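What you see is a predicted model, and the numbers here were worked out from it, not measured in a lab.
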Amino acid sequence: MNNNDTAVFGLGIMGRAIADNLEEDGLLTASWNRSPQTDAPKICTSIEEAVSKARILLIVVVDGPAVSEVIDKMKPFLTDDHILVQCATVKPDENLDFEKRIKECGATFVEALIGGSKLPIVNRTVALYLGGNNDAIAKVEPVLEKISGKRIHVGEVGKASVAKLAINLNLAIQVEALCESYAYAISNGLNDDQYFEVLRNNTGWNSLAEYKESKFRDRNYEPQFSVKNMLKDVRLALETEKTDKGMTLLKKTEAIYTACEQSGLGEEDMIALYKMLHH
C-alpha cells in the first residue's frame, strides 16, 4: 500500500468533490457511502474493503452521529498504519472522543475541517483547519495539499472544530445580513446592477458578497452550503459556547434559519433566507 493511498467515506456534496479530485490525481484507491452510490469513483460495497485499500481515510459525512457510525464500522479493520482524517463539523469534544476511539485501534487521528463550500472544494482552493500533532499532519499533507489551497494548523485535536464553528457562526450571521440588505434594496426599487455596484464600492463588500452575487442575480438556490447544514453548525456553536452573557444575536439567527428550514427550504443554499423576506 502506498503511503498516500486514500479512501473517502461519505459522498455528499463535499465528499464527492474531494473523491473526484483525488481520483483525477491518482490518489484515490477507494470510496464508500452509507447509502449505495454506483457511479462514484473507486466505489466499494463494504467498509472493510475500503479501509483495506487505503492508508489515509477521509471521513466527510454530515454530523457527529454519522461520524460515530462510520468509526464503529471501521474499527474492526483499522491498523496502526491508518490515519483517519475527520472532516465533518462536530463539537470539539466529539472529535476528542473520536480520537480516543481511533487510538484504541492503534490508528492516528487528525482533524481537517473544511473552511468553505462546494465551489472552493471543486476548485481545490478551500482552506482546511487542522487539529492534531505535527507528525500526523505532516504524513497527510501530500494528500491534503491536493484538495485545498491552504492548510492552517490550529493546534491539538478539538481546536480545529472550535475554529470552524467560530467561522461558521460569523458566516451564518453575515448571510442573513446580506439577504436583508438585498431584500431591502430590491423591495424599495433598486435593481441588481444598482445594488451590487453600490455594495462593491463600500467597505461592506467582501468575498462572501462576491461569491453569492451571481446566485442572487440568477435566483439560483442550488446548494453550495445548505440552510440545513448551516443550521446544524449554528446549533453546535450555541451548544458549546462559553461566553459570560450568551450569544444573543446567534440565538436570533438560529431562529431565522429554523423558520427557513421549517418552510421547506432546508436543502437549498443559504441565500434561500432571502425567500423569507421577499419573493
Side-chain angles (χ1 to χ4, degrees), residues 1-34 36-61 66-67 69-88 95 98-116 120-154 156-157 160:
M1 187 184 298
N2 187 289
N3 281 346
N4 295 330
D5 286 349
T6 305
V8 176
F9 298 82
L11 298 169
I13 293 174
M14 303 295 206
R16 180 58 186 267
I18 290 171
D20 287 342
N21 284 343
L22 291 173
E23 171 74 355
E24 184 178 319
D25 293 338
L27 296 175
L28 187 74
T29 53
S31 67
W32 180 85
N33 200 55
R34 289 182 298 163
Q37 278 209 17
T38 56
D39 64 335
K42 300 291 194 302
I43 191 71
C44 296
T45 55
S46 75
I47 205 163
E48 178 181 6
E49 179 187 5
V51 170
S52 70
K53 288 183 174 181
R55 177 171 177 263
I56 298 173
L57 313 175
L58 270 64
I59 295 184
V60 198
V61 293
V67 175
E69 177 186 339
V70 172
I71 287 175
D72 283 343
K73 292 178 183 294
M74 281 182 174
K75 282 186 69 174
F77 316 113
L78 292 175
T79 71
D80 56 8
D81 287 330
H82 286 113
I83 304 174
L84 191 148
V85 181
Q86 205 296 92
C87 302
N95 267 341
F98 297 148
E99 179 187 34
K100 180 180 177 182
R101 289 159 61 184
I102 290 299
K103 282 185 173 180
E104 292 171 353
C105 305
T108 303
F109 185 90
V110 171
E111 283 180 301
L113 282 297
I114 299 169
I121 284 286
V122 170
N123 293 338
R124 307 171 189 248
T125 59
V126 74
L128 296 177
Y129 313 134
L130 307 182
N133 70 59
N134 290 326
D135 289 343
I137 287 172
K139 289 175 182 177
V140 297
E141 171 67 14
V143 169
L144 299 185
E145 70 176 359
K146 296 292 187 180
I147 63 174
S148 63
K150 188 175 182 66
R151 275 77 55 211
I152 303 170
H153 187 187
V154 182
E156 66 267 23
V157 169

Under the side-chain contact (heavy atoms from CB on, under 4.5 Å) rule, collect the residues that match up with C105, sequence neighbours excluded. K75, L78

Residue set satisfying side-chain contact (heavy atoms from CB on, under 4.5 Å) with D39, at least two apart, ordered chain then number -> R16, Q37

Check against side-chain contact (heavy atoms from CB on, under 4.5 Å), L84 and M74: CA-CA 10 Å; L84 191 148; M74 281 182 174; 3.6 Å; yes

At what distance, to the nearest 0.5 angstrom, does CZ of R101 lie from CZ of F109? 10.0 Å

Atom of V157, atom of G131 and distance for their closest heavy-atom approach: CG2-O, 3.8 Å

Does anything in residues 136-150 pair up under salt bridge (Lys or Arg N to Asp or Glu O under 4.0 Å), and if so which pairs, sequence neighbours excluded? E141-R151

Measure the OG1-CH2 distance between T45 and W32 for me, rounded to the nearest 0.5 Å. 11.0 Å

Between atom CZ of F98 and atom CD of E111, what is the distance when rounded to the nearest 0.5 Å? 10.5 Å

Does the side chain of L28 reach to within under 4.5 Å of the side chain of V8, using non-hydrogen atoms? yes

Supply the atom-to-atom distance C87 SG to Y129 OH, rounded to the nearest 0.5 angstrom. 13.0 Å

Of all heavy-atom pairs linking V126 and S148, the shortest is O-CB, 3.1 Å

Kindly indicate, with the supporting measurements, whether the criterion side-chain contact (heavy atoms from CB on, under 4.5 Å) is fulfilled by V110 and N95. CA-CA 9 Å; V110 171; N95 267 341; over 6 Å; no

List the steps and the verdict of side-chain contact (heavy atoms from CB on, under 4.5 Å) for V51 and H82. CA-CA 9 Å; V51 170; H82 286 113; 3.6 Å; yes

Between K103 and E99, does at least one N-O distance fall below 4.0 Å, as a salt bridge requires? yes

Write down the atom of A19, the atom of L11, and the distance for their closest heavy-atom approach. CB-CD2, 4.0 Å

Looking only at side-chain N and O atoms, does N133 offer a donor or acceptor that is under 3.5 Å from a partner on E156? no

Working to the nearest 0.5 angstrom, can you tell me the gap between L144 CG and L130 CG? 6.0 Å

Is there a donor-acceptor pair under 3.5 Å between the side chain of N2 and the backbone N or O of N4? yes

All heavy atoms of S31 vs all of P41, minimum pair found to be OG-O, 2.6 Å

Using side-chain contact (heavy atoms from CB on, under 4.5 Å), reason through I18 and V60 one step at a time and then give a plain yes or no. CA-CA 9 Å; I18 290 171; V60 198; 4.3 Å; yes

Write down the atom of V85, the atom of A112, and the distance for their closest heavy-atom approach. CG1-CB, 3.5 Å

Identify, with sequence neighbours excluded, every residue that meets side-chain contact (heavy atoms from CB on, under 4.5 Å) alongside E69. R34, K73

Hey, are the side chains of T38 and I43 touching, using non-hydrogen atoms and a 4.5 Å cut-off? no

Listed by chain and number, what are the salt bridge (Lys or Arg N to Asp or Glu O under 4.0 Å) partners of D25, not counting sequence neighbours? R124

Can you list the residues that meet the side-chain contact (heavy atoms from CB on, under 4.5 Å) rule with T6, with sequence neighbours excluded? L22, I56, L58, V143

Looking only at non-hydrogen atoms, find the nearest pair between K53 and A30 and report the distance. CB-CB, 4.1 Å

Backbone N or O of A40 within a donor-acceptor pair of the D20 side chain at under 3.5 Å? no

Using 0.5 Å steps for rounding, measure from the CG atom of D5 to the CZ atom of R55. 9.5 Å

